[in-house]
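Before any comments, here is the structure.
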Amino acid sequence: MKIVLVKPGSLKRDEAGNILYASSSVTLIISDRILVVDTGSADEQERVFDGLRRAGASPDDIEIVVNTHLHEDHTGCNDMFCNADLLSYHTGLREGCVLAQGVRIMETPGHTLDSISVLCSGDVVIAGDALPTADNHIKDLPPRIHVDRVLALRSMHRIAGIARIVVPGHGMPFSIPDGRDAELT
């Protein structure tokens, strides 16, 4: 299995902490099927296309797009993937659904009630906004925007208990310390 960060997510805030701009991470998974998890904001199509090209893929190669939830900053480039099945909690993805060899769904509600994460190879979690930044993990703070604080924290802790590497919704991948070296391509 190959997991490639096509484009890191970003999050810009003002001095009061209000979100001025957000765009999700876009992650390519190549297994027995080719998947993309989240597609970023609509204004980032060129960055997504370039990231796929650097990874040796094109939008036409993608068989499945998984949206961790349906906020626009995670679904904005869905229309680039004309050949792909667009999947989310709302299309029936639930805990344990297998999408490809070594790729399955985790339900991680809290940010939204329909939030899901993608578990790859048993220890890489593409978390969407269930774990939006490394700071959320380090400070043990739920996503600033959430529908249920207790669920959000429970989902964050679950991810941290499973993951060796987390691809957060809005930042660079980070390792969960356990003595193992880890890196995404």
Side-chain angles (χ1 to χ4, degrees), residues 3-29 34-53 55 57-94 97 99 103 105-119 125-137 141-149 151-152 155-156 159 166-174:
I3 305 167
V4 180
L5 183 65
V6 170
K7 182 197 75 67
S10 63
L11 192 61
K12 293 183 175 69
R13 297 181 185 271
D14 64 16
E15 300 79 33
N18 300 309
I19 297 172
L20 300 173
Y21 178 80
S23 181
S24 71
S25 298
V26 178
T27 308
L28 174 69
I29 304 166
I34 303 173
L35 303 86
V36 163
V37 180
D38 288 334
T39 63
S41 295
D43 63 342
E44 294 188 305
Q45 284 197 359
E46 195 61 38
R47 286 188 68 199
V48 172
F49 182 81
D50 288 344
L52 286 169
R53 184 180 41 77
S58 78
D60 291 341
D61 298 330
I62 308 307
E63 298 172 70
I64 299 171
V65 169
V66 176
N67 291 124
T68 58
H69 62 291
L70 299 181
H71 288 167
E72 290 178 9
D73 57 321
H74 292 257
T75 64
C77 294
N78 280 2
D79 62 343
M80 288 178 62
F81 302 97
C82 300
N83 298 332
D85 292 326
L86 300 176
L87 304 178
S88 69
Y89 184 87
H90 295 280
T91 64
L93 292 182
R94 296 295 187 272
C97 284
L99 299 176
V103 181
I105 297 300
M106 295 172 53
E107 290 184 40
T108 50
H111 170 64
T112 63
L113 292 178
D114 62 350
S115 289
I116 57 174
S117 297
V118 178
L119 176 62
V125 177
I126 303 165
D129 286 351
L131 190 45
T133 69
D135 276 351
N136 290 91
H137 170 67
L141 293 172
R144 184 172 193 144
I145 299 170
H146 58 269
V147 296
D148 186 311
R149 186 177 200 283
L151 279 177
S155 291
M156 282 177 42
I159 291 166
V166 175
V167 179
H170 298 285
M172 293 299 291
F174 62 93

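FYI, the numbering just counts along the sequence from 1.
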Query raised in the report: Does the side chain of Met106 come within less than 4.5 Å of Ser155's, by heavy atoms?
Result: no
**Report entry** Salt bridge flag under 4.0 Å for residues Asp50 and Arg47
**Finding:** no
Query raised in the report: With distance as the sole criterion, is a donor-acceptor pair present between the side chains of Thr112 and Asp114 under 3.5 Å?
Result: yes
Query raised in the report: Looking at CG of Asn67 and OG1 of Thr75, how far apart are the two atoms once the value is rounded to the nearest 0.5 Å?
Result: 6.0 Å
Query raised in the report: Would you say Leu5 and Ser25 make side-chain contact, with heavy atoms under 4.5 Å?
Result: yes
Report summary line: Residues Arg13 and Ile19: closest non-hydrogen pair is NH1-CG1, 3.5 Å
Query - Any Ile126 side-chain heavy atom under 4.5 Å of Ile29 side chain - result: yes
Query raised in the report: Between Glu107 and Pro109, what is the shortest heavy-atom contact and its length?
Result: C-CD, 3.5 Å
Query - Set of residues satisfying ring-ring contact (aromatic ring centres under 6.0 Å, His included) with respect to His69, sequence neighbours excluded - result: His71, His74, His111
**Report entry** Heavy-atom side-chain proximity of Val118 to Val103 below 4.5 angstrom
**Finding:** yes
Query raised in the report: Do Leu11 and Asp73 have side chains that get closer than 4.5 Å, going by heavy atoms?
Result: no
Requested in this report: List for me each residue that meets side-chain hydrogen bond (donor to acceptor under 3.5 Å, both in side chains) alongside Ser41, sequence neighbours excluded, and say none if there are none.
Outcome: Ser23
Query raised in the report: Less than 4.5 Å apart, any side-chain heavy atom of Val167 and any of Val37?
Result: no
